[in-house]
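Read through the structure below, which is laid out as structure tokens, and then see the notes.
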Amino acid sequence: MEIIFLFGMVIGFLLIGVPIAISLGLSSIIFQLMFSEASLASMGQMMFQAMYAHYTLLAIPFFILASSFMSTGGVARRIIRFSIALVGHLRGGLAIAGVLACMMFAALSGSSPATVVAIGSIVIVGMHQVGYDKDFAAGIIAVAGTLGILIPPSIVMVVYASATDVSVGRMFLAGVIPGLLAGTMLMVGIYVVARIKNLPKGEWKGWGEVAESMLDAAFGLFLMVIILGGIYGGIFTPTEAAAVASVYAFIVAVFIYRDMGPLKNRPWIAPEKVSTAQLGLRMWTFSFFAFVSYYTLAKLIGIETWIALTLALGFSVMAFTLGWIFRHRPNLSGQAVLVYMLILGVLPAALILMVSFTSSWNAVEAMFVSSHPERGLAATAGQFAVYWLWPVFYTGFVLGGFVLMATLFIFSLRAASNRLIEVNGGYAETVIDGGKSLLRGVGEIVIYALPTLVNRDTKNTLFEAGKLTVTLMFIIANALLLAHVLTEEQIPQQIATAMLSVGFGAIMFLVIVNIILLIGGQFMEPSGLIVIVAPLVFPIAIELGIDPIHLGIIMVVNMEIGMITPPVGLNLFVTSGVAKMPMMRVVRAALPWLGILFVFLIMVTYIPFISTVLPNAMMGPEIILK
């Protein structure tokens, strides 16, 4: 009876328009004062201890700050250009590019509203200008923006991990395949509709434009490498990764892209020198990155320092060599370019093949065979196969990365050399002008480093990120207070006992969880709802043998749907503001694509493999201590 009274207060406060955070906190305080011996002083201490115990929540302010700099710093515009270069030539290509851009920006921001604002403010207008219906454009962006909380890094995943004490790293890994699958399903749906309705398609601009646009967006996209690579490479924790990401996002937005701050509208190359200096600047820049990349690779596989320096210097000089070749041989055949790609990309990565594969094999054999000689290899074949495949995957990943980097180098150098040829510029001239541009740019960074910290753009971005952080953390703090009350009253244990006594299995339990979350998601902010519901359903899921990571992804997908369902769907309000449309019109526009997300929810709910295969393969099976 008391619990009915508690939830009745929460719902009643929400119905009369009380903010969510105050509804949760005030209901918890009134309940504690009426039905327990707690005092107001203990309420304050309880709220503090609830936040203090969840240290992983420290990642949230940093992810919000990184998202703010990325949204302000023009990264979205570059990602959209890259997406259009990849898929814009397909029927309905601009709409598909919008979804692809949302997927990539989601991997940088961790926030659905930020994704909708950053991508939607550009794509919706662009789609309307080339002949798409405005409702069609708004509906797609509203739904695709929800991928911001599914594709890692995700603020909602951090909240779930904090509420249930599961690994943030596992949650991030678990979101990769579902995120890619959801985005692919949306893009396929758009393509089918585009074929039926004969929607516009763009022009294929060639692989040169793909390389140019990817190079333009590379510094922004590298943020996902820093976050995920740093976490799974053992360099830093998820919280530290968020802090590093916020600093990197600031540097990229202010000093590299120069879309905000005192260096705004001050390009790296003077306008009158663009044609002659671009090739030189790229040669100098690529030379530096090649030196750092190949030296780091050589040291990682244990090569002596002087050999590593020699190899790195050799690949560094190759940037200038390729620039000279492209300047003096503009009609170089595709086969010759392929040879250069192999030299730059495949050979260096192949150096790690033997070392990485051999060391990983030895480690796996020691772990699964040598430690149990009486059982032999066959007894552990399943586990052995998973870990044996990891070195193959790792080597392929590095190999692909270096081939991709070499491809970008070569295509961008060739494009810049063609521009140099058009103005009849010389090789020595471009080397000198490019070097001058690089020195000028670095000098400006040094001069404006301190003024940037107090610039109006920086202060505004920090202020907006701070407002969002305070709002979100206040909701979470009050939700944690309610969760503490529920735990103290042993509500999760009572629900678990009741469900198990009537014979509910895992399938029926997941149906009930989905219904609760779908209804709750219509009225509550995702982070607050997860903080309340997760501690309730988590013990029951463990009793029924449901993987906690799988449960987390199910909850996140439900939160996706909740963000585009009225009356409190946050993405609906954001899309309405961005597209300058009434909210109910956005709701109707999003409904057809919402059906795809419901199908996706069913798949994620009853095919655990989608969520668990990647974290289990990379981090081993989940160990649950009851």
Would you compute the distance between atom [atom1] of [X] and atom [atom2] of [Y] and round it to the nearest 0.5 angstrom?
X	Y	atom1	atom2	answer
Leu90	Leu199	CG	CG	12.5 Å
Lys197	Asp133	NZ	CG	7.5 Å
Leu468	Ser111	CG	OG	6.5 Å
Glu209	Phe82	CD	CZ	10.5 Å
Ile79	Met214	CD1	CE	11.0 Å
Arg170	Leu614	CZ	CG	10.5 Å

Distance-minimising heavy-atom pair for [X] and [Y]:
X	Y	result
Tyr132	Ala95	OH-N, 3.9 Å
Gly323	Met283	CA-SD, 3.6 Å
Leu529	Gly521	CD2-N, 3.5 Å
Ala59	Pro238	CB-O, 4.3 Å
Ala114	Ser67	CB-OG, 3.3 Å
Gly261	Asn455	CA-OD1, 3.3 Å

Checklist entry - Just checking, is any N or O donor in the side chain of Thr461 or Ser68 under 3.5 Å from an acceptor N or O on the other one? => result no

Item to check | Arg258 side chain to Asn265 side chain, donor-acceptor N/O pair below 3.5 angstrom | outcome: no

Could you work out, with side chain to side chain contact (heavy atoms under 4.5 Å, CB included) as the rule, every residue matching [X], not counting sequence neighbours?
X	answer
Met185	Leu181, Ile596, Val599, Phe600, Met603
Ile84	Ile80, Leu94, Ala97
Val225	Phe222

Is the shortest side-chain heavy-atom distance between [X] and [Y] below 4.5 Å?
X	Y	result
Phe219	Ile251	no
Thr565	Leu594	yes
Leu420	Gln278	no
Phe250	Thr452	yes
Phe105	Val117	no
Met260	Asn460	no

Partners passing salt bridge (charged side-chain N to carboxylate O under 4.0 Å, His left out) against [X] (at least two apart in sequence or in another chain):
X	result
Glu464	Lys467
Lys201	none
Asp216	Arg78, Arg81

Side chain [X], main chain [Y], donor-acceptor under 3.5 Å:
X	Y	result
Glu525	Ser527	yes
Thr430	Thr276	yes
Trp204	Val87	no
Thr469	Ala465	yes
Tyr248	Gly220	no
Glu240	Thr237	yes
Ser576	Leu572	no

May I have the list of side-chain donor-acceptor pairs in residues 134-160 shorter than 3.5 Å, sequence neighbours left out?
from, atom 1, to, atom 2, distance (Å)
Lys134, NZ, Ala579, O, 2.8
Asp135, OD1, Arg585, NE, 2.7
Asp135, OD1, Arg585, NH2, 2.8
Asp135, OD2, Arg585, NE, 3.3
Thr146, OG1, Val143, O, 2.5
Thr146, OG1, Glu560, OE2, 3.2
Ser154, OG, Ile149, O, 2.6
Ser154, OG, Val156, N, 3.3
Ser154, OG, Met157, N, 3.2
Tyr160, OH, Pro548, O, 2.7
Tyr160, OH, Gly552, N, 3.4

Checklist entry - Leu597 and Leu601: side-chain contact (heavy atoms from CB on, under 4.5 Å), yes or no, with the steps? => result CA-CA 6 Å; Leu597 285 189; Leu601 174 61; over 6 Å; no

Checklist entry - Do Val254 and Tyr448 pass the side-chain contact (heavy atoms from CB on, under 4.5 Å) test, and can you show the C-alpha distance, the side-chain angles, and the key distance before you say yes or no? => result CA-CA 10 Å; Val254 175; Tyr448 288 100; over 6 Å; no

Can you list the residues that meet the side-chain hydrogen bond (donor to acceptor under 3.5 Å, both in side chains) rule with [X], with sequence neighbours excluded?
X	answer
Thr605	Asn514
Ser112	none
Ser246	none
Arg266	Glu444

Next on the checklist: Applying side chain to side chain donor-acceptor pair (under 3.5 Å) as the test, list every pair that has at least one member in residues 181-192; sequence neighbours left out.
Outcome noted: none

Next on the checklist: Walk me through whether Arg77 and Asp259 qualify under side-chain contact (heavy atoms from CB on, under 4.5 Å).
Outcome noted: CA-CA 11 Å; Arg77 174 170 47 82; Asp259 291 316; 3.5 Å; yes

Checklist entry - Are Phe69 and Asp457 close enough, and set up right, to give a side-chain contact (heavy atoms from CB on, under 4.5 Å), and what steps lead you there? => result CA-CA 10 Å; Phe69 280 120; Asp457 289 344; over 6 Å; no

Checklist entry - Should we count CZ of Phe62 as having more than 12 external heavy atoms under 6.0 Å? => result no

